[in-house]
Amino acid sequence: MKIDAVELRVLKMRLLKPFRTSFGVQQDRYPLLVRLDIDGHSHWGECVAGEGPWYSYETVETAWQILKGYLLPGVIGRDLANVDELETLFAPVRGHHMAKASIEMAFTGALAEHARKPLAQYLGGVRDRVETGVSIGIQATVDELLDSIGSHLAEGYRRIKVKIEPGWDVMAIGAIREKYPEITLMADANSAYSLDDAAHLAQLDRFGLLMLEQPLAAGDLVDHAALQRQLRTPICLDESIESARDARQALQLGACRVINIKPGRVGGFAESRRIHDIAGNAGVPVWCGGMLETGIGRACNVALATLPNFRLPGDISASGRYWAEDIVEPPFVLQRGGTIPVPTRWGIGVRVKVDLVERLTVRRETVR
Ligand code: NPG
């Protein structure tokens, strides 16, 4: 299949509620969309890079420049039989997984459509609905946190993840447990702690958390291993796992007992699949993370989460948790048992609302 041109665009989308993590507060999301033109058909993908270099060094701006300057010139106009060939062309560019993943995932969607299969089936998925959870940002008060959890439980979410940081951790989790002793609960620290905090974090052990996500720095597998030895709560790694090699090393070191896979963070579906398999062979479950995606990235995450070793609910909430109006049709909705049904149409399985995308666009360029 030959990619004739790629359109890059940045949208400006307001989140229904500001999202606060240990990195800061996010009110607007600026998703970078890619549209591959192949044989007169459009195939959409989404780059999950953030506005600033906090979660990762990549940003919307760096992804745009790397795509335009380095990744796209090598692939446009070339006949590509499969994703391996695309990965080979991208390999000389060091890092920049989010930029690479946007093209890899859109291209995989195109391959699925060409094979007349829904993306989930094309990837080897084994389920027709995925279990989802909701990720709740840091709130101003404990009452607001409890209210937010209450309303998400009422909507049907079965797994609650809360963001923590020093000063908003043991007390906040304790208050949740007092009110909701039984819910499936986990905490995400986004690297806000150091190994010196091990004794403090061990106080979380009494709350029976499903896991503690990314307590320490992204590059620090050794300290994560030391911390895991001191905690009963399973550590889940997110930012630390950028590749299959990272996953292998983390598991060898005992740095985690769970892995969060975000296809954008690791360069796309193929590397996600490799991480999924490494974890599966080690008996370690994975789940699909979220990056406040539009329906395009969400469709990709839902498809990925149908693979067999995605054994825990993902951060794949319904469209209505983020946006007044999603850019795809149909939007993703929460169904019975806190699940989201997997689209059954060919390719990514949702239709992009081009008029809405047009209205939200703040920057656009076509690379030929
Ligand atoms: O539901 O998409 C979602 C958000 C899930 O908490 C979530 N994502 O650290 O995993 C994370 C966090 C995040 C969001 C990180 C946006 C960076 C940007």
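Just so you know, ligand 1 is whichever comes first in the structure, and atom 1 is the first atom listed for that ligand.
Looking at Glu239 against ligand 1, nothing comes within 4.0 Å, counting heavy atoms. Neither the backbone nor the side chain of Val48 has a heavy atom within less than 4.0 Å of ligand 1. Contacts between Ile316 and ligand 1, counted as non-hydrogen atom pairs separated by less than 4.0 Å, are absent for every part of the residue. The residue Arg321 has no part lying near ligand 1, judged by heavy-atom distances below 4.0 Å. Contact annotation for Val134 and ligand 1: no heavy atom of the residue comes within less than 4.0 Å of the ligand. Of all the heavy atoms of Phe19, the ones lying under 4.0 Å from any atom of ligand 1 belong exclusively to the side chain.
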Worksheet item: What's the verdict on side chain to side chain donor-acceptor pair (under 3.5 Å) for Tyr322 and Arg29, showing C-alpha distance, side-chain angles and the deciding distance?
Response: CA-CA 10 Å; Tyr322 312 90; Arg29 186 74 170 123; over 6 Å; no
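From the protein, the heavy atom lying nearest to atom 9 (O) of ligand 1 is Asn190 ND2, 2.7 Å. Shortest contact from atom 15 (C) of ligand 1 to any protein heavy atom: Tyr55 CD1, 3.6 Å. The protein heavy-atom contact nearest to atom 12 (C) of ligand 1 is Lys163 NZ, 3.3 Å. Nearest protein heavy-atom contact of atom 10 (O) of ligand 1 is Lys262 NZ, 2.7 Å. Remark: minimum distance from atom 6 (O) of ligand 1 to any protein heavy atom is reached at Ser135 OG, 2.7 Å. For atom 3 (C) of ligand 1, the nearest non-hydrogen atom of the protein is Tyr322 OH, 3.3 Å. Scanning all protein heavy atoms for the shortest distance to atom 4 (C) of ligand 1 gives Leu292 CD2, 3.7 Å.
Residues Asp205 and Thr233 have side chains that bring a donor and an acceptor to within less than 3.5 angstrom of each other. Side-chain contact annotation: Lys262 with Tyr55, donor-acceptor N/O pair under 3.5 Å present. A side-chain donor-acceptor contact under 3.5 Å links Arg129 and Thr339. Side chains of Glu46 and Thr294: a donor-acceptor N/O pair is present below 3.5 angstrom, by distance only. Residues Thr361 and Arg9 have side chains that bring a donor and an acceptor to within less than 3.5 angstrom of each other.
Taking the side chain as every heavy atom from C-beta outward, Val333 and Ser319 never approach each other to under 4.5 Å.
Interface atoms of ligand 1 facing Lys161, defined by a heavy-atom separation under 4.0 Å, are 6 (O), 10 (O). Atom numbering of ligand 1 starts at 1 in the shown order; those under 4.0 Å from a heavy atom of Asp188 are 9 (O), 10 (O), 11 (C).
Residue Gly290 has at least one N or O atom closer than 3.5 Å to an N or O atom of ligand 1. Checked against a 3.5 angstrom limit, the closest N/O atoms of Gln26 and ligand 1 fall outside it.
Of the options Arg265, Arg29, Glu293, Met291, the smallest heavy-atom separation from atom 18 (C) of ligand 1 is shown by Met291.
Note that OH of Tyr30 and CD of Glu51 are 7.5 Å apart. Values are rounded to the nearest 0.5 Å.
Phe107 and His43 have their aromatic ring centers separated by at least 6.0 angstrom. Aromatic ring centres of His96 and Tyr57 lie closer together than 6.0 Å.
Classification of the Tyr157-His152 ring pair by plane angle, with boundaries at 30° and 60°, yields perpendicular.
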